[in-house]
Amino acid sequence: MTALSMPWNTRLRELAKRCQFLQALSLYAQMLRHGDHPNAFTFPFALKSCAALSLPILGGQFHGQIIKVGCESEPFVQTGLLSMYCRGSLLGNARKVFDEKSQSRKLTVCYNALISGYVSNSKSSDAVLLFRQMNEEGVPVNSVTLLSLIPVCVSPINLELGLSLHCSTLKYGLDSDVSVVNCFITMYMKCGSVNHAQNLFDEMPEKGLISWNAMVSGYAQNGLATNVLELYHNMELHGIHPDPFTLVGVLSSCANLGAQSVGREVELKIQASGFTNNQFLNNALINMYARCGNLTKAQALFDEMPERTLVSWTAIIGGYGMHGHGEIAVQLFEDMIRSGIVPDGTAFVSVLSACSHAGLTSQGMEYFKMMGGNYQLEPGPEHYSCMVDLLGRAGRLNEARNLIESMAIEPDGAVWGALLGACKIHQNVKLAELAFERVVELEPANIGYYVLLSNIYNDTKNSKGVLRIRIMMKERKLKKDPGCSYVELKGRVHPFVVGDRSHPQAEEIYSVLEELEALVQEFGEAKRADREESNKDLFAGAAGVHSEKLAVAFGLLNTTAGTEVVVIKNLRICEDCHLFFKIVSKIVHRQLTVRDATRFHHFRNGSCSCKDYW
DNA sequence: GTAGGGTTAG
């Protein structure tokens, strides 16, 4: 209040504005030592610093001083207290501050502070209740209210509320607020309503960078990688400069598409824009190179990083695991722990799957025990499916089954699917039938499992079984999944689906494929002899034309001798294609690499790098 | 002179 305290407040405000919260707090202490008194203009900044540094205990002491000074009913002080308690997860204290406030003086900002506090502490139902109360009391709703509340609606369960919020924007006059629209775009994307999001975006008269980013990330999260690249290209045409948020989404899509040369362009862009120290971008780059099969580059980037986070380690460990370098993945996991980084559930998924791919059974079992034993991590279905895979591949089928039956949580389709896959390797029909029964309950439309069991029947010369599955599929009207394969060539991604003739080179591609098929047939006669006709006509699809075969034919057609052809497939490659690639790699003397849902298969001179399943 | 909010990687 005194003239003397003025400069303190000004300096405090400046520090808080620059996010130098520690310095702000020490200035506050300095002020007290100096004998000057804080006032209603001091506390908001002191409280904000406590909130930012998560120091609710210190904030509570400030609360005491606020009462002593007698400015607890100042709106700015009150909202400061609310947000400080919310940030420190002391929601009870926040509610007390809120309820003590006289009805007449409750402002929109107070509601907003508490609503956002509830949301960020995962108390969404309390947030919704408070929002209802706000409406009943006639307190004006503004854009910040919506921005806090919309993220509650990101799960399809709350989409109803999201839709009603969206409808009410017109009433509040907030339908043209760019931030609000951005938030709705994100909401629709997270609910999987890509079309809704797209319409909103298209109709925006003024799009901000965040609007573009919301679309890029949304497409990426929904697996629409080609849309991401298209949008990124569009941004360039519109003269919009991407920021790290944009580039992370683009890199993640490059990783999914195996579009290494587009990813390389993004890397150059990162360097040109001065984003090289961005942790998110560096992790996304490592992930992209690792998933595109360039482990050398991924490792080099990892080594150069000034600071490696858990995400960086997980990306590189997963990269080695995918390629079957289990020993390196395990070594890296050990290095990570030694460097003091505490693994989370995702890190365990990457090391467990690396172990299962490389046949490191006992090592994987030890890691699984470590989760609960050393890190208090509850294994999820994704960890169990790794373990079932691990035990199953090692032929320990009964242990795998017992593990599933001991699960405290409900097993999902992937868990039973892993058991079914293991039964295929070890030809255990009885257990396969059990696993199949469970898995089709959980994922009745996933055709892969029907194919797997039918192949088991076929391997064991059980033509009745094959017929039974065929009838079952017909009854359920299941068609062969149109799996998509991609080949990246000269910075462009070329997608192929079964029976697709839309590619400009379609005629040439099909004639190359025909030649290859004829050669393969000649070469593989002996190997094919034991496959029964009944199975052939069921799964051969459009005369054996699978998307990955089209992609390989395209790749061979457009590259020169000596170049490796890399195909990305979004599902597991089928047995037929596996055999096809083996033989083609021998006939044309080229290395073919196919990445399917979980791993890389390197085909060279008639053999494949992976030793299981086929 | 002051407060409340949205988009990101494994």
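This is a predicted model, so every value here is computed, not measured. Per chain, numbering begins at 1; letters A, B, ... match sequence-line order. Hydrogens, waters and symmetry mates play no part in the numbers below; they use all other heavy atoms, side chains included.
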Q: Please report the distance, rounded to the nearest Å, between CZ in Arg87(A) and P in dG5(B).
A: 7 Å

Q: Nearest whole angstrom, please: distance from the P of dT8(B) to the CG of Asn287(A).
A: 16 Å

Q: Considering only side-chain heavy atoms of Leu107(A), which listed nucleotide, dG5(B), dG10(B), dA3(B), is closest?
A: dA3(B)

Q: Any stacking of Phe76(A) on dT2(B), going by centres under 5.5 angstrom and planes within less than 30 degrees?
A: yes

Q: What's the closest nucleotide to the side chain of Ser83(A) if the choices are dT7(B), dG4(B), dG10(B)?
A: dG4(B)

Q: Identify whether any heavy atom of Lys17(A) sits under 4.0 Å from a base atom; if not, whether one sits that close to sugar-phosphate; answer base, sugar-phosphate or nothing.
A: nothing

Q: Check if the side chain of Ser179(A) and the base of dG5(B) share a donor-acceptor pair of N or O atoms closer than 3.5 Å.
A: yes

Q: Taking ring-ring contact (aromatic ring centres under 6.0 Å, His included) as the definition, give me every residue that meets it alongside Tyr188(A), ordered by chain and number, with sequence neighbours left out.
A: His166(A), His196(A)

Q: When you measure from the side chain of Ser252(A), which nucleotide among dG5(B), dG4(B), dG10(B) comes out closest?
A: dG10(B)

Q: Does the cation-pi check pass for Lys207(A) over Phe201(A), that is, NZ or CZ under 6.0 Å from the six-membered ring centre and within 45° of its axis?
A: yes

Q: Mind checking Asn182(A) for me? I need base, sugar-phosphate or nothing, with any heavy atom below 4.0 Å counting as a touch.
A: base

Q: Just checking Phe45(A): base, sugar-phosphate only, or nothing, at a heavy-atom cut-off of under 4.0 Å?
A: sugar-phosphate

Q: Do any side-chain nitrogens or oxygens of Ser116(A) fall under 4.0 Å of OP1 or OP2 in dG5(B)?
A: yes

Q: Quick one: Tyr85(A) OH to dA3(B) P, roughly how many Å, whole number?
A: 19 Å

Q: What verdict does the side chain to side chain donor-acceptor pair (under 3.5 Å) test give for Glu137(A) and Gln133(A), after you've listed the backbone C-alpha separation in whole Å, the side-chain angles of each residue and the deciding distance to 0.1 Å?
A: CA-CA 6 Å; Glu137(A) 289 172 4; Gln133(A) 189 187 327; 3.3 Å; yes

Q: Compare the minimum distances between each of dT7(B), dG4(B), dG1(B) and the side chain of Phe245(A), then state the nucleotide with the smallest one.
A: dT7(B)

Q: Grab the CZ-C1' distance between Phe302(A) and dG10(B) for me, whole Å please.
A: 12 Å

Q: Checking all strands, does Asn142(A) fall into the base, sugar-phosphate, or nothing category for heavy-atom contacts under 4.0 angstrom?
A: base

Q: Does a distance-only test, which skips hydrogens and angles, find a donor-acceptor pair under 3.5 Å between the side chain of Thr314(A) and the base of dG10(B)?
A: yes

Q: Tell me whether Trp313(A) is stacked on the nucleobase of dG10(B), counting only the six-membered base ring and applying the 5.5 Å and 30° thresholds.
A: no

Q: Are side-chain N/O atoms of Tyr219(A) and Glu230(A) paired as donor and acceptor at under 3.5 Å?
A: no

Q: Looking at dG10(B), dA3(B), dG5(B), which one has an atom nearest to any side-chain atom of Thr346(A)?
A: dG10(B)

Q: Would a 4.5 Å heavy-atom cut-off, applied to side chains only, mark Ser211(A) and Met204(A) as touching?
A: yes

Q: With the side chain of Ile210(A) defined as its heavy atoms from C-beta on, choose the nearest nucleotide among dA9(B), dG1(B), dT7(B).
A: dT7(B)

Q: Out of dA3(B), dG6(B), dT7(B), which has the shortest distance to the side chain of Cys183(A)?
A: dG6(B)

Q: Does either side chain, that of Thr309(A) or that of Ser312(A), offer a donor lying less than 3.5 Å from an acceptor on the other one?
A: yes

Q: How long is the line joining CE of Met189(A) and C1' of dG6(B), in whole Å?
A: 15 Å

Q: Kindly determine whether Arg595(A) and Val566(A) satisfy side-chain contact (heavy atoms from CB on, under 4.5 Å), including the steps that lead there.
A: CA-CA 8 Å; Arg595(A) 195 195 84 192; Val566(A) 183; 6.0 Å; no

Q: Starting at atom CG of Asn277(A), determine the distance to atom P of dT8(B), rounded to an integer number of angstrom.
A: 22 Å

Q: Under 4.0 Å, counting only non-hydrogen atoms across every strand here, what does Asn278(A) touch: a base, just sugar-phosphate, or nothing?
A: nothing

Q: Between dG10(B) atom C1' and Asp344(A) atom CG, what is the distance in whole Å?
A: 8 Å

Q: Quick one: label Gln221(A) by what it contacts on the DNA or RNA (base, sugar-phosphate, nothing), any heavy atom closer than 4.0 Å.
A: sugar-phosphate

Q: Have a look at Leu310(A) and say if it touches a base, only the backbone sugar-phosphate, or nothing, with a 4.0 Å heavy-atom cut-off.
A: base

Q: Atom CZ of Phe275(A) to atom P of dT8(B): distance rounded to whole Å?
A: 17 Å

Q: When you measure from the side chain of Arg13(A), which nucleotide among dA9(B), dG1(B), dT7(B) comes out closest?
A: dG1(B)

Q: Heavy atoms from C-beta onward define the side chain here; which of dG10(B), dG4(B), dA3(B) lies closest to that of Pro44(A)?
A: dA3(B)

Q: Quick check for you: among dG6(B), dG10(B), dA9(B), whose closest atom lies nearest to any side-chain atom of Ala315(A)?
A: dG10(B)

